[in-house]
*Asks:* 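Here it is, the structure in full.
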Protein chains: 2
Amino acid sequence: MTEEVAATEPGPAGSALSRREQILQAAAELFARYGFHGVGIDDIGGAVGVSGPALYRHFRSKEAMLAEMLTEISDKLLLGGHSRVDAAAGPDAALEELVRWHVEFALTNPALITVHLRDLDSLSEPDQHRVRESQRAYVEVWVRVLRAVRADLDEHTARAAAHAVIGLINSTPYSTHLDTTAMSALLHRMALGALSAGSGT
Amino acid sequence: MTEEVAATEPGPAGSALSRREQILQAAAELFARYGFHGVGIDDIGGAVGVSGPALYRHFRSKEAMLAEMLTEISDKLLLGGHSRVDAAAGPDAALEELVRWHVEFALTNPALITVHLRDLDSLSEPDQHRVRESQRAYVEVWVRVLRAVRADLDEHTARAAAHAVIGLINSTPYSTHLDTTAMSALLHRMALGALSAGSGT
DNA sequence: GGGCGATGTTAACGCTGGCTAACCCACTTC
DNA sequence: GAAGTGGGTTAGCCAGCGTTAACATCGCCC
């Protein structure tokens, strides 16, 4: 190993945290490309320059890795969305911020988005439940903002519209024909366009 | 088994075809819910009231089932899109028809859409290639129509926009809060809204 | 300077699961 | 009514893979 732990985090647990993150990142990339069941323990180990069962020094199981990355992503999404909405001036600004936040998130973490869409149900029941709970709450943030902007939207329609827009933005990982800023701007415009059309006749 | 083969198709191969389709349908449902690798041969057999390896009378392998359903769906999508565009009066009508077609398809075959998004890369290289080819051609249909409607769209932006709209419509399977007609109308409006905003400033 | 905890290594175990083998009907057909 | 064929059954093989065990090493700390 030529490259040692450079200077990640102070404290005794610094290098340990770095290792975990490193593993999670590599695993996310692999899961995104081949699916949870399509990736072996040895593959993940190999991706971080360590072979096989060494991972069990850091995670209880392969599924624990998936669980950690999925709970992390959904909590982060929820938290970020919430705080942006709270900080916004009015409903319109809140919606704008929500779109901006989700676009940025999806473009920054395409692998996590993919894994989240794909392998959620490879989780154990309790973990799965927790993730879905965050997810539900996140959609609810969207629903509240949407209904604040357009009072004529009923609950169900707002929820379906939220899902659709999130789906639009999440379709990002598969199309990388544009550079990030152009893509970001395009998705932003399209999302808002879809939403303003969503409640029209 | 109380229910026999009622009256599917005349001819000697009638019941055989019906059996294959029946298996494919059940497999699609299972794959959609649990993922290709999350479903066992016995599960699929069980779903059609037959246990385990009986399926090998109808398919060469488990992967062959996936291959058949995915090539079928992508060919069907491409063919349908193509013919609708050809039959349309002008570019605007063509776009409208394309949206209508995809919405209808996605709402009619949610399981296939899900499997297609999820388990495409569980296919062997050649099969995977064939499916991706149809897929690419289908997107190209969208791109051509989009650029005919809005000449200011460059190739890459049009492709990204097409992916985004398809992603929007495909997000359907996960949100079933609305009845089909309302959902169809909503998706239709949102898709067109997203597209008209896609080329704006 | 001798433990000891954190981190890796290789070998091996055990289960799951796809697939094959061998055998068994029913039903059509000459 | 014997033969063939289509479709099903159960038993079992075999590979892959997640996980554990047993053992090494390195750096810190009293």
Side-chain angles (χ1 to χ4, degrees), chain A residues 1-24 26-27 30-31 34-69 119 121-124 127, chain B residues 1-24 26-27 30-31 33-69 119 122-124 127:
Chain A
M1 300 293 129
T2 51
E3 45 163 357
E4 310 283 276
V5 185
T8 44
E9 204 93 43
S15 71
L17 278 181
S18 163
R19 206 64 169 132
R20 279 180 72 90
E21 305 258 331
Q22 196 183 347
I23 293 171
L24 279 183
L30 288 170
F31 290 167
Y34 305 106
F36 180 70
H37 292 286
V39 174
I41 274 297
D42 293 348
D43 299 327
I44 305 174
V48 298
V50 109
S51 262
L55 302 174
Y56 286 82
R57 298 293 170 191
H58 304 277
F59 296 93
R60 258 188 16 264
S61 67
K62 181 185 164 195
E63 194 193 302
M65 302 182 206
L66 183 64
E68 185 158 330
M69 70 178 75
D119 294 311
D121 27 30
S122 296
L123 248 45
S124 72
D127 284 332
Chain B
M1 299 301 125
T2 51
E3 46 164 355
E4 311 280 278
V5 185
T8 43
E9 204 95 43
S15 68
L17 279 183
S18 164
R19 206 62 170 132
R20 278 180 72 89
E21 305 257 330
Q22 193 183 349
I23 292 171
L24 278 183
L30 287 171
F31 290 167
R33 210 185 309 282
Y34 304 107
F36 179 70
H37 291 287
V39 174
I41 274 296
D42 293 348
D43 299 327
I44 304 174
V48 298
V50 110
S51 264
L55 304 175
Y56 288 84
R57 300 287 171 197
H58 304 276
F59 296 92
R60 258 188 15 266
S61 67
K62 181 184 162 195
E63 195 193 300
M65 301 182 206
L66 183 64
E68 184 157 332
M69 71 179 73
D119 294 311
S122 296
L123 247 48
S124 72
D127 284 333

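Chain letters run A, B, ... following the sequence lines, proteins first, then strands; residues in each count from 1. Side chains are part of it too, since the values below use all heavy atoms of this structure and drop only hydrogens, waters and symmetry mates.
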*Asks:* Please report, rounded to the nearest Å, how far the P atom of dG7(D) is from the CG atom of Leu55(B).
*Replies:*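 Atom CG in Leu55(B) sits about 13 Å away from atom P in dG7(D).
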*Asks:* Taking atom P of dC17(D) as reference, at what distance in whole Å does atom CG of Asp43(A) sit?
*Replies:* 8 Å
*Asks:* Rounded to the nearest Å, what distance is computed from the CZ atom of residue Arg19(A) to the C1' atom of nucleotide dA6(C)?
*Replies:*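 Distance, rounded to whole Å: 12 Å.
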*Asks:* Give me, pair by pair, the N or O atoms of the protein and of nucleotides 17-24 of chain C that are less than 3.5 Å apart, along with how far apart they are.
*Replies:*
residue, atom, partner, partner atom, Å
dG18(C), OP1, Val39(B), O, 3.2
dG18(C), OP1, Lys62(B), NZ, 3.0
dG18(C), OP2, Ile41(B), N, 2.8
dC19(C), OP2, Tyr56(B), OH, 2.6
dC19(C), OP2, Lys62(B), N, 3.0
dC19(C), O5', Tyr56(B), OH, 3.2

*Asks:* Between Phe31(B) and Phe36(B), what is the ring plane arrangement, given parallel below 30°, perpendicular above 60°, and tilted in between?
*Replies:* perpendicular
*Asks:* Just how far is it from atom CE of Met65(A) to atom CG of Leu55(A), taken to the nearest 0.5 Å?
*Replies:* 4.5 Å
*Asks:* Enter the distance from Ser51(B):OG to Asp43(B):CG here, rounded to the nearest 0.5 Å.
*Replies:* 10.0 Å
*Asks:* Does the side-chain contact (heavy atoms from CB on, under 4.5 Å) test come out yes or no for Arg20(A) and Glu68(A), once each step is laid out?
*Replies:* CA-CA 10 Å; Arg20(A) 279 180 72 90; Glu68(A) 185 158 330; 2.3 Å; yes
*Asks:* At their closest point, which heavy atom of Glu63(B) faces which heavy atom of Leu123(B), and how far apart are they?
*Replies:* OE2-C, 3.8 Å
*Asks:* Rounded off to whole Å, could you give me the CZ-to-P distance for the Phe59(A) and dT20(D) pair?
*Replies:*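 Result: 15 Å.
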*Asks:* Could you pull out the closest heavy-atom pair between Asp119(B) and Leu66(B), with the gap in Å?
*Replies:* O-CD2, 3.6 Å
*Asks:* With a cut-off of less than 4.0 Å, is there a side-chain N or O of His58(B) near OP1 or OP2 of dG6(D)?
*Replies:*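 False: His58(B) side-chain N/O out of range (4.0 Å or more) of dG6(D) OP1/OP2.
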